[in-house]
Number of protein chains: 2
Amino acid sequence: MDRVDKRILAELQKNSRASLQEIGQAVGLSATPCWSRIRKMEESGVITGYSVRLSPQALGLGDTVLIQVTLDSHSDNTLEKFGEVLATIPEVIEAHLVSGDYDYLLRVVVKDTRDYERFLRERLYTIKGIRHSRSSFVLRTLKAADLPLSM
Amino acid sequence: MDRVDKRILAELQKNSRASLQEIGQAVGLSATPCWSRIRKMEESGVITGYSVRLSPQALGLGDTVLIQVTLDSHSDNTLEKFGEVLATIPEVIEAHLVSGDYDYLLRVVVKDTRDYERFLRERLYTIKGIRHSRSSFVLRTLKAADLPLSM
DNA sequence: TGTGAAACTAACTGGGG
DNA sequence: CCCCAGTTAGTTTCACA
(Lines give C-alpha, C1' and ligand atoms only; values in the text may rest on other atoms or scores of the structure.)
Protein backbone atom coordinates (compact mmCIF):
# COMPACT_ATOMS: atom_id res chain seq x y z
CA MET A 1 0.00 0.00 0.00
CA ASP A 2 1.81 3.08 -1.23
CA ARG A 3 0.68 6.44 -2.47
CA VAL A 4 -0.17 5.13 -5.94
CA ASP A 5 -2.38 2.36 -4.49
CA LYS A 6 -4.32 4.98 -2.56
CA ARG A 7 -4.78 7.09 -5.66
CA ILE A 8 -6.07 4.04 -7.50
CA LEU A 9 -8.56 3.41 -4.68
CA ALA A 10 -9.67 7.03 -4.85
CA GLU A 11 -10.32 6.63 -8.57
CA LEU A 12 -12.27 3.42 -7.96
CA GLN A 13 -14.34 5.14 -5.28
CA LYS A 14 -15.27 7.81 -7.82
CA ASN A 15 -16.05 5.27 -10.53
CA SER A 16 -15.30 1.59 -10.23
CA ARG A 17 -16.25 1.03 -13.87
CA ALA A 18 -13.51 3.24 -15.22
CA SER A 19 -11.23 1.28 -17.55
CA LEU A 20 -7.73 0.36 -16.43
CA GLN A 21 -6.42 2.79 -19.03
CA GLU A 22 -8.41 5.68 -17.55
CA ILE A 23 -7.25 4.78 -14.06
CA GLY A 24 -3.69 4.45 -15.31
CA GLN A 25 -3.92 7.86 -16.92
CA ALA A 26 -5.17 9.38 -13.66
CA VAL A 27 -2.32 7.95 -11.60
CA GLY A 28 0.42 8.19 -14.24
CA LEU A 29 0.84 4.50 -15.03
CA SER A 30 -0.06 2.11 -17.83
CA ALA A 31 -2.96 -0.30 -17.50
CA THR A 32 -0.95 -3.41 -16.58
CA PRO A 33 0.53 -2.29 -13.25
CA CYS A 34 -2.86 -0.79 -12.29
CA TRP A 35 -4.45 -4.14 -12.89
CA SER A 36 -1.89 -6.04 -10.80
CA ARG A 37 -2.09 -3.51 -7.97
CA ILE A 38 -5.87 -3.79 -7.91
CA ARG A 39 -5.66 -7.58 -7.91
CA LYS A 40 -3.26 -7.48 -4.97
CA MET A 41 -5.58 -5.21 -3.01
CA GLU A 42 -8.49 -7.55 -3.72
CA GLU A 43 -6.44 -10.50 -2.46
CA SER A 44 -5.17 -8.72 0.63
CA GLY A 45 -8.70 -7.70 1.62
CA VAL A 46 -8.35 -3.95 1.18
CA ILE A 47 -10.91 -4.12 -1.62
CA THR A 48 -13.87 -6.21 -0.45
CA GLY A 49 -16.17 -5.78 -3.43
CA TYR A 50 -17.71 -3.57 -6.07
CA SER A 51 -21.11 -1.97 -5.71
CA VAL A 52 -23.54 0.41 -7.31
CA ARG A 53 -24.67 3.75 -5.89
CA LEU A 54 -28.44 4.11 -6.00
CA SER A 55 -30.65 7.13 -5.43
CA PRO A 56 -33.05 6.43 -2.52
CA GLN A 57 -35.32 9.20 -3.85
CA ALA A 58 -35.50 7.67 -7.31
CA LEU A 59 -36.47 4.38 -5.69
CA GLY A 60 -39.28 6.07 -3.80
CA LEU A 61 -37.46 6.11 -0.46
CA GLY A 62 -37.62 9.80 0.33
CA ASP A 63 -36.94 9.77 4.07
CA THR A 64 -34.01 8.52 6.08
CA VAL A 65 -34.41 8.22 9.83
CA LEU A 66 -31.72 7.59 12.45
CA ILE A 67 -33.06 5.76 15.48
CA GLN A 68 -31.32 5.41 18.83
CA VAL A 69 -32.48 2.28 20.57
CA THR A 70 -32.03 1.36 24.24
CA LEU A 71 -32.72 -2.24 25.22
CA ASP A 72 -34.19 -3.55 28.49
CA SER A 73 -31.31 -5.88 29.12
CA HIS A 74 -27.71 -6.01 27.99
CA SER A 75 -27.22 -9.74 28.20
CA ASP A 76 -25.46 -11.43 25.30
CA ASN A 77 -28.67 -13.23 24.52
CA THR A 78 -30.82 -10.10 24.25
CA LEU A 79 -28.30 -8.31 22.03
CA GLU A 80 -28.00 -11.37 19.81
CA LYS A 81 -31.77 -11.82 19.45
CA PHE A 82 -32.31 -8.15 18.67
CA GLY A 83 -29.65 -8.30 15.98
CA GLU A 84 -31.31 -11.30 14.38
CA VAL A 85 -34.69 -9.58 14.21
CA LEU A 86 -33.15 -6.44 12.69
CA ALA A 87 -31.54 -8.52 9.96
CA THR A 88 -35.00 -9.47 8.70
CA ILE A 89 -36.36 -5.91 8.42
CA PRO A 90 -35.71 -4.46 4.95
CA GLU A 91 -36.28 -0.85 6.01
CA VAL A 92 -33.32 -1.12 8.40
CA ILE A 93 -30.30 -0.66 6.15
CA GLU A 94 -27.73 -0.16 8.89
CA ALA A 95 -27.51 -1.31 12.49
CA HIS A 96 -24.63 -0.52 14.81
CA LEU A 97 -24.12 -1.75 18.33
CA VAL A 98 -22.56 1.22 20.12
CA SER A 99 -21.07 2.28 23.42
CA GLY A 100 -22.56 5.19 25.34
CA ASP A 101 -26.02 6.50 26.16
CA TYR A 102 -27.92 4.08 23.99
CA ASP A 103 -27.33 0.58 22.60
CA TYR A 104 -28.10 0.57 18.89
CA LEU A 105 -28.11 3.12 16.15
CA LEU A 106 -30.31 2.17 13.21
CA ARG A 107 -30.53 3.79 9.82
CA VAL A 108 -33.95 3.30 8.31
CA VAL A 109 -35.26 4.27 4.86
CA VAL A 110 -38.96 4.83 4.21
CA LYS A 111 -41.17 6.38 1.54
CA ASP A 112 -42.34 9.30 3.69
CA THR A 113 -43.43 10.21 7.22
CA ARG A 114 -46.66 8.26 6.86
CA ASP A 115 -44.65 5.22 5.88
CA TYR A 116 -42.40 5.81 8.87
CA GLU A 117 -45.40 5.72 11.17
CA ARG A 118 -46.27 2.33 9.66
CA PHE A 119 -42.69 1.16 10.15
CA LEU A 120 -42.78 2.09 13.84
CA ARG A 121 -46.14 0.41 14.41
CA GLU A 122 -45.61 -2.76 12.38
CA ARG A 123 -41.87 -3.29 12.63
CA LEU A 124 -40.11 -1.56 15.49
CA TYR A 125 -42.75 -1.56 18.23
CA THR A 126 -43.45 -5.26 17.73
CA ILE A 127 -39.91 -6.13 18.80
CA LYS A 128 -39.69 -7.31 22.41
CA GLY A 129 -37.07 -5.87 24.71
CA ILE A 130 -36.89 -2.27 23.50
CA ARG A 131 -36.96 0.06 26.50
CA HIS A 132 -36.77 3.27 24.60
CA SER A 133 -36.22 4.65 21.12
CA ARG A 134 -35.56 8.11 19.78
CA SER A 135 -35.96 9.10 16.14
CA SER A 136 -34.16 11.80 14.16
CA PHE A 137 -35.14 12.53 10.57
CA VAL A 138 -32.29 13.32 8.21
CA LEU A 139 -33.04 16.77 6.83
CA ARG A 140 -29.94 17.08 4.68
CA THR A 141 -26.85 15.00 4.06
CA LEU A 142 -23.68 17.03 3.65
CA LYS A 143 -21.21 14.27 3.15
CA ALA A 144 -21.48 10.74 1.78
CA ALA A 145 -19.57 7.73 3.05
CA ASP A 146 -16.32 7.26 1.14
CA LEU A 147 -13.30 6.43 3.25
CA PRO A 148 -10.51 8.99 3.46
CA LEU A 149 -7.40 7.96 1.53
CA SER A 150 -5.40 11.11 2.11
CA MET A 151 -4.69 10.58 5.78
CA MET B 1 -38.87 0.03 -12.95
CA ASP B 2 -40.32 -3.43 -12.78
CA ARG B 3 -39.42 -6.56 -10.85
CA VAL B 4 -36.62 -7.46 -13.26
CA ASP B 5 -35.01 -4.02 -12.92
CA LYS B 6 -34.96 -4.45 -9.15
CA ARG B 7 -33.37 -7.87 -9.45
CA ILE B 8 -30.70 -6.38 -11.71
CA LEU B 9 -30.03 -3.68 -9.11
CA ALA B 10 -29.77 -6.34 -6.41
CA GLU B 11 -27.17 -8.17 -8.50
CA LEU B 12 -25.24 -4.94 -9.08
CA GLN B 13 -25.31 -4.22 -5.33
CA LYS B 14 -23.75 -7.61 -4.71
CA ASN B 15 -21.14 -7.18 -7.44
CA SER B 16 -21.17 -4.30 -9.90
CA ARG B 17 -18.33 -5.87 -11.89
CA ALA B 18 -20.31 -8.97 -12.81
CA SER B 19 -20.52 -9.37 -16.59
CA LEU B 20 -23.81 -8.70 -18.36
CA GLN B 21 -24.01 -12.40 -19.10
CA GLU B 22 -23.75 -13.31 -15.42
CA ILE B 23 -26.38 -10.71 -14.53
CA GLY B 24 -28.57 -11.95 -17.35
CA GLN B 25 -28.24 -15.49 -16.10
CA ALA B 26 -29.25 -14.44 -12.60
CA VAL B 27 -32.40 -12.63 -13.78
CA GLY B 28 -33.27 -14.96 -16.65
CA LEU B 29 -32.47 -12.68 -19.59
CA SER B 30 -29.74 -12.36 -22.21
CA ALA B 31 -27.02 -9.73 -21.95
CA THR B 32 -28.54 -7.18 -24.34
CA PRO B 33 -31.77 -6.32 -22.46
CA CYS B 34 -29.81 -6.21 -19.19
CA TRP B 35 -27.50 -3.67 -20.75
CA SER B 36 -30.36 -1.48 -22.00
CA ARG B 37 -32.20 -1.66 -18.67
CA ILE B 38 -29.05 -0.65 -16.80
CA ARG B 39 -28.45 2.21 -19.23
CA LYS B 40 -32.02 3.43 -18.70
CA MET B 41 -31.59 3.35 -14.93
CA GLU B 42 -28.35 5.31 -15.25
CA GLU B 43 -30.10 7.92 -17.37
CA SER B 44 -33.15 8.19 -15.14
CA GLY B 45 -30.95 8.70 -12.07
CA VAL B 46 -31.80 5.49 -10.24
CA ILE B 47 -28.17 4.44 -10.63
CA THR B 48 -25.92 7.35 -9.66
CA GLY B 49 -22.54 5.64 -9.94
CA TYR B 50 -20.33 2.66 -9.33
CA SER B 51 -18.05 2.34 -6.36
CA VAL B 52 -15.68 0.04 -4.56
CA ARG B 53 -16.18 -1.42 -1.08
CA LEU B 54 -13.08 -0.99 1.06
CA SER B 55 -12.18 -2.50 4.40
CA PRO B 56 -11.60 0.30 6.95
CA GLN B 57 -9.58 -2.16 9.08
CA ALA B 58 -7.29 -3.08 6.19
CA LEU B 59 -6.70 0.63 5.64
CA GLY B 60 -5.72 1.08 9.28
CA LEU B 61 -8.99 2.73 10.29
CA GLY B 62 -10.02 0.43 13.12
CA ASP B 63 -12.56 2.61 14.93
CA THR B 64 -15.78 4.21 13.79
CA VAL B 65 -17.37 6.82 16.03
CA LEU B 66 -20.82 8.35 15.76
CA ILE B 67 -20.94 11.88 17.13
CA GLN B 68 -24.06 13.84 17.97
CA VAL B 69 -23.39 17.55 17.68
CA THR B 70 -25.49 20.40 19.04
CA LEU B 71 -24.71 23.89 17.77
CA ASP B 72 -24.95 27.20 19.66
CA SER B 73 -27.18 28.77 17.08
CA HIS B 74 -29.53 27.43 14.44
CA SER B 75 -29.29 30.31 12.04
CA ASP B 76 -28.87 29.46 8.36
CA ASN B 77 -25.46 31.02 8.50
CA THR B 78 -24.18 28.90 11.38
CA LEU B 79 -25.44 25.67 9.86
CA GLU B 80 -23.90 26.58 6.52
CA LYS B 81 -20.52 27.47 8.02
CA PHE B 82 -20.42 24.30 10.08
CA GLY B 83 -21.15 22.23 7.01
CA GLU B 84 -18.33 23.89 5.11
CA VAL B 85 -15.79 23.16 7.85
CA LEU B 86 -16.90 19.51 8.06
CA ALA B 87 -16.37 19.10 4.33
CA THR B 88 -12.65 19.75 4.84
CA ILE B 89 -12.12 17.14 7.58
CA PRO B 90 -11.13 13.78 6.08
CA GLU B 91 -11.95 11.77 9.22
CA VAL B 92 -15.60 12.85 8.88
CA ILE B 93 -17.01 10.49 6.25
CA GLU B 94 -20.67 11.28 6.82
CA ALA B 95 -22.52 14.32 8.11
CA HIS B 96 -26.28 14.55 8.44
CA LEU B 97 -28.31 17.54 9.49
CA VAL B 98 -31.13 16.06 11.55
CA SER B 99 -34.33 16.97 13.37
CA GLY B 100 -34.67 16.23 17.06
CA ASP B 101 -32.52 16.42 20.16
CA TYR B 102 -29.31 17.34 18.42
CA ASP B 103 -28.36 19.03 15.13
CA TYR B 104 -25.77 16.91 13.34
CA LEU B 105 -24.84 13.30 13.31
CA LEU B 106 -21.29 12.67 12.15
CA ARG B 107 -19.65 9.41 11.26
CA VAL B 108 -15.93 9.55 11.88
CA VAL B 109 -13.24 6.95 11.14
CA VAL B 110 -9.94 6.88 13.03
CA LYS B 111 -7.02 4.50 13.60
CA ASP B 112 -7.79 3.83 17.26
CA THR B 113 -8.94 5.53 20.47
CA ARG B 114 -5.67 7.45 20.75
CA ASP B 115 -6.20 8.76 17.25
CA TYR B 116 -9.77 9.71 18.19
CA GLU B 117 -8.46 11.78 21.06
CA ARG B 118 -6.26 13.60 18.55
CA PHE B 119 -9.25 14.08 16.24
CA LEU B 120 -11.31 15.64 19.04
CA ARG B 121 -8.49 17.95 20.10
CA GLU B 122 -7.21 19.01 16.69
CA ARG B 123 -10.32 18.82 14.53
CA LEU B 124 -13.63 18.90 16.34
CA TYR B 125 -12.90 21.11 19.34
CA THR B 126 -11.31 23.75 17.16
CA ILE B 127 -14.60 24.38 15.38
CA LYS B 128 -16.44 27.44 16.65
CA GLY B 129 -20.12 27.21 17.50
CA ILE B 130 -20.36 23.71 18.95
CA ARG B 131 -22.35 23.78 22.18
CA HIS B 132 -22.16 20.12 22.92
CA SER B 133 -21.06 16.82 21.42
CA ARG B 134 -21.62 13.23 22.42
CA SER B 135 -19.58 10.31 21.08
CA SER B 136 -20.57 6.69 20.65
CA PHE B 137 -18.02 4.13 19.49
CA VAL B 138 -19.28 1.51 17.09
CA LEU B 139 -18.65 -1.84 18.79
CA ARG B 140 -20.14 -4.01 16.08
CA THR B 141 -21.93 -3.42 12.79
CA LEU B 142 -24.75 -5.86 12.16
CA LYS B 143 -25.96 -4.57 8.86
CA ALA B 144 -24.28 -2.65 6.03
CA ALA B 145 -25.92 0.01 3.89
CA ASP B 146 -27.51 -1.47 0.78
CA LEU B 147 -30.94 -0.16 -0.09
CA PRO B 148 -33.89 -2.56 0.15
CA LEU B 149 -35.22 -3.59 -3.26
CA SER B 150 -37.83 -6.02 -2.04
CA MET B 151 -40.25 -3.46 -0.59
C1' DT C 1 -39.15 -6.23 -25.48
C1' DG C 2 -36.67 -9.93 -26.38
C1' DT C 3 -32.62 -12.93 -28.97
C1' DG C 4 -28.38 -13.82 -31.34
C1' DA C 5 -24.45 -12.57 -34.23
C1' DA C 6 -20.95 -9.11 -35.49
C1' DA C 7 -17.95 -5.20 -34.36
C1' DC C 8 -15.55 -3.01 -31.03
C1' DT C 9 -13.25 -2.17 -26.56
C1' DA C 10 -11.30 -3.51 -22.34
C1' DA C 11 -9.20 -7.08 -19.39
C1' DC C 12 -5.68 -10.17 -18.89
C1' DT C 13 -1.03 -12.83 -20.06
C1' DG C 14 3.67 -13.19 -21.06
C1' DG C 15 8.28 -11.40 -22.91
C1' DG C 16 11.70 -7.88 -22.43
C1' DG C 17 13.87 -3.47 -20.17
C1' DC D 1 8.42 -2.80 -10.95
C1' DC D 2 7.03 -0.96 -15.46
C1' DC D 3 5.90 -0.93 -20.54
C1' DC D 4 4.31 -2.97 -24.78
C1' DA D 5 2.10 -6.34 -27.83
C1' DG D 6 -0.85 -10.32 -28.34
C1' DT D 7 -4.87 -13.11 -26.75
C1' DT D 8 -9.14 -13.65 -24.50
C1' DA D 9 -13.34 -11.99 -22.66
C1' DG D 10 -16.91 -8.46 -22.23
C1' DT D 11 -19.65 -4.64 -24.05
C1' DT D 12 -22.23 -2.30 -27.46
C1' DT D 13 -24.69 -2.09 -31.89
C1' DC D 14 -27.77 -3.95 -35.18
C1' DA D 15 -31.05 -6.96 -37.75
C1' DC D 16 -34.91 -9.52 -36.82
C1' DA D 17 -38.81 -12.09 -34.12
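Just so it is clear: chains get the letters A, B, ... in the order the sequence lines come, proteins before strands, and each one is counted from 1.
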Trainee: Kindly give the heavy-atom pair with the smallest separation between A/T64 and A/R107, and that separation in Å.
Mentor: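 Nearest heavy atoms, A/T64 then A/R107: CG2-CG, 3.8 Å.
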Trainee: To the nearest Å, give me how far apart NZ (A/K40) and P (D/dC2) are.
Mentor: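 Going from A/K40 (NZ) to D/dC2 (P), I get 8 Å.
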Trainee: Identify, with sequence neighbours excluded, every residue that meets salt bridge (charged side-chain N to carboxylate O under 4.0 Å, His left out) alongside B/K143.
Mentor: none
Trainee: B/R17 has an atom CZ; how far is it from atom P of D/dA9, in whole Å?
Mentor: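 The answer, rounded to whole Å, is 17 Å.
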Trainee: Would you call A/R121 and A/E117 a salt bridge, taking side-chain N to carboxylate O under 4.0 Å as the test?
Mentor: yes
Trainee: Taking only the side-chain heavy atoms of A/S19 (C-beta and beyond), determine which of D/dT12, C/dA10, D/dG10 contains the nearest atom.
Mentor: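 So the side chain of A/S19 is nearest to C/dA10.
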Trainee: So, A/K81 and A/E84, do they make that salt bridge, N to O below 4.0 Å?
Mentor: no
Trainee: Under the side-chain contact (heavy atoms from CB on, under 4.5 Å) rule, what do B/L79 and B/Y104 come out as? Steps first, then yes or no, please.
Mentor: CA-CA 9 Å; B/L79 290 173; B/Y104 275 91; 3.9 Å; yes
Trainee: What is the distance, rounded to the nearest whole Å, between atom CZ of A/R39 and atom C1' of C/dA11?
Mentor: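 After rounding, the gap between these two atoms is 10 Å.
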Trainee: More than 12 heavy atoms of other residues, nucleotides or ligands under 6.0 Å from CD of B/Q21: is that the case?
Mentor: no
Trainee: Taking only N/O atoms, report every protein-nucleotides 6-9 of chain C pair under 3.5 Å with atom names and distance.
Mentor:
none

Trainee: For residues 25-38 of chain A, which residues have at least one heavy atom under 4.0 Å from DNA chain C?
Mentor: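 Residues of residues 25-38 of chain A under 4.0 Å from DNA chain C: A/T32, A/W35.
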Trainee: Give the minimum heavy-atom separation between A/L124 and A/I130, together with the two atoms involved.
Mentor: O-CD1, 3.8 Å
Trainee: Are the side chain of B/S51 and the backbone N or O of A/Q13 linked by a donor-acceptor pair below 3.5 Å?
Mentor: yes
